[in-house]
Amino acid sequence: MSTDTTRSDDNASKAGGPSEDAVVKALGRILSQSEAARSALATTLREGGTAVGTIAGVDSQAIDEEEHPSLAGLDEEGVVRVLVQPLLWAGLSQGQPNAYFKRLPLDRPAALLFVAPPARLARLWPELCRRADEQFTIIGATTPGDLRAATVSGGERRLMLTSWDALLEFMERVVRGAGNREAEVEVGQLRGLIDRMDKDACKS
């Protein structure tokens, strides 16, 4: 995996593109078909301070003006409780993260979770918090480890950032423990795809 934490947003944008859509589709398929994978996601959110309860379904949504695909996790009432924004090396759109918060409910716990390469976390987290603080008040932002979280004013919403390594390694363990061999294989394939794309980005 790359350890370059100085890559500019311009270079990141050049490294992004349609390939990130493939990652969104793959993660969406895993979450849609595997209850254990959705449970792993819900556990990650709880560790970040958001008790979303059961994630009953997953839907793909384009939220910002650049139509970046995101994954919406729905509760048993069909209410969006989490928006997952997968990132590789593409830069943030103008609508990220603030346009996404407006899709989350104010009357129950909800979260916006960005997932990115480990090498991006150190620079990406302050930028996400800075942008969010332009329209909302950010409270209690944490920075240790691969899971970072902050409370967003106006409801029970949380902003979160984690790494692909942390999310997929945990998800793989959970689906393996549940005996879901098909999901385990698909998670492993997604990890391999992200590793290859990360290495290709480093060569560009």
Side-chain angles (χ1 to χ4, degrees), residues 23-24 26-61 63 68-87 92 96-118 120-121 124-125 128-129 131-132 136 138-178 180 183 186-187 190-191 194:
V23 172
V24 174
L27 181 59
R29 182 171 58 251
I30 292 167
L31 291 171
S32 295
Q33 297 177 354
S34 172
E35 181 179 353
R38 295 194 299 273
S39 175
L41 175 60
T43 298
T44 297
L45 297 174
R46 285 195 297 272
E47 290 176 353
T50 302
V52 298
T54 300
I55 298 176
V58 176
D59 189 20
S60 178
Q61 299 186 359
I63 295 172
H68 287 174
S70 301
L71 297 172
L74 313 175
D75 64 17
E76 294 174 336
E77 298 177 7
V79 176
V80 175
R81 300 294 292 276
V82 56
L83 292 170
V84 181
Q85 180 59 66
L87 296 174
L92 296 172
Q96 293 174 337
N98 294 332
Y100 292 64
F101 289 131
K102 298 172 183 177
R103 292 290 187 95
L104 295 174
L106 298 176
D107 62 343
R108 64 193 75 189
L112 169 58
L113 172 67
F114 285 84
V115 189
R120 290 195 71 183
L121 299 191
L124 186 58
W125 182 239
L128 287 169
C129 290
R131 289 186 177 205
F136 307 92
I138 297 298
I139 305 166
T142 63
T143 56
D146 280 334
L147 180 60
R148 306 176 185 211
T151 298
V152 180
S153 62
E156 298 182 63
R157 298 169 297 186
R158 295 278 280 177
L159 172 64
M160 298 185 193
L161 172 66
T162 193
S163 70
W164 282 110
D165 286 357
L167 179 64
L168 294 183
E169 285 176 8
F170 177 59
M171 190 173 291
E172 195 170 32
R173 291 199 305 271
V174 173
V175 298
R176 182 187 303 121
N180 192 334
E186 290 193 353
V187 173
L190 178 54
R191 292 181 65 184
I194 291 171

**Message:** Filter on side chain to side chain donor-acceptor pair (under 3.5 Å), then keep only pairs touching residues 39-59, sequence neighbours left out; what's left?
**Reply:** T43-R46
How many angstroms lie between atom [atom1] of [X] and atom [atom2] of [Y], to the nearest 0.5 angstrom?
X	Y	atom1	atom2	result
S153	I138	OG	CD1	7.0 Å
R38	Q33	CZ	CD	10.0 Å
R131	L159	CZ	CG	12.0 Å
Y100	L112	OH	CG	8.0 Å
R191	E172	CZ	CD	5.0 Å
L83	K102	CG	NZ	13.5 Å

Check whether any side-chain N or O of [X] sits under 3.5 Å from a backbone N or O of [Y] as a donor-acceptor pair, and report yes or no.
X	Y	result
S34	I30	no
R81	D75	no
R158	G48	yes
W125	T142	yes

Minimum heavy-atom distance [X]-[Y], with the two atoms named:
X	Y	value
L87	W164	O-NE1, 2.8 Å
G154	L106	O-CD2, 2.6 Å
A141	A150	CA-CB, 3.7 Å
L113	L161	CD1-N, 4.2 Å
L45	M160	O-CE, 3.3 Å
L121	S163	CD1-CB, 4.0 Å

**Partner residues of F170 under the ring pair (Phe, Tyr, Trp, His ring centres under 6.0 Å) criterion, sequence neighbours left out** = none
**Prompt:** Once the angle between the rings of F101 and F136 is folded into 0 to 90°, is it parallel (under 30°), tilted (30 to 60°) or perpendicular (over 60°)?
**Reply:** perpendicular
**Request:** Please lay out, stage by stage, how L27 and V58 fare under the test side-chain contact (heavy atoms from CB on, under 4.5 Å).
**Result:** CA-CA 10 Å; L27 181 59; V58 176; over 6 Å; no
**Item:** Residue E156 excluded, over 12 heavy atoms near CD under 6.0 Å
**Value:** yes
**Asked** Could you go step by step and tell me if L41 and V52 meet the side-chain contact (heavy atoms from CB on, under 4.5 Å) rule?
**Response** CA-CA 10 Å; L41 175 60; V52 298; over 6 Å; no
**Item:** salt bridge (charged side-chain N to carboxylate O under 4.0 Å, His left out): pairs with one or both residues in residues 140-153, sequence neighbours excluded
**Value:** none
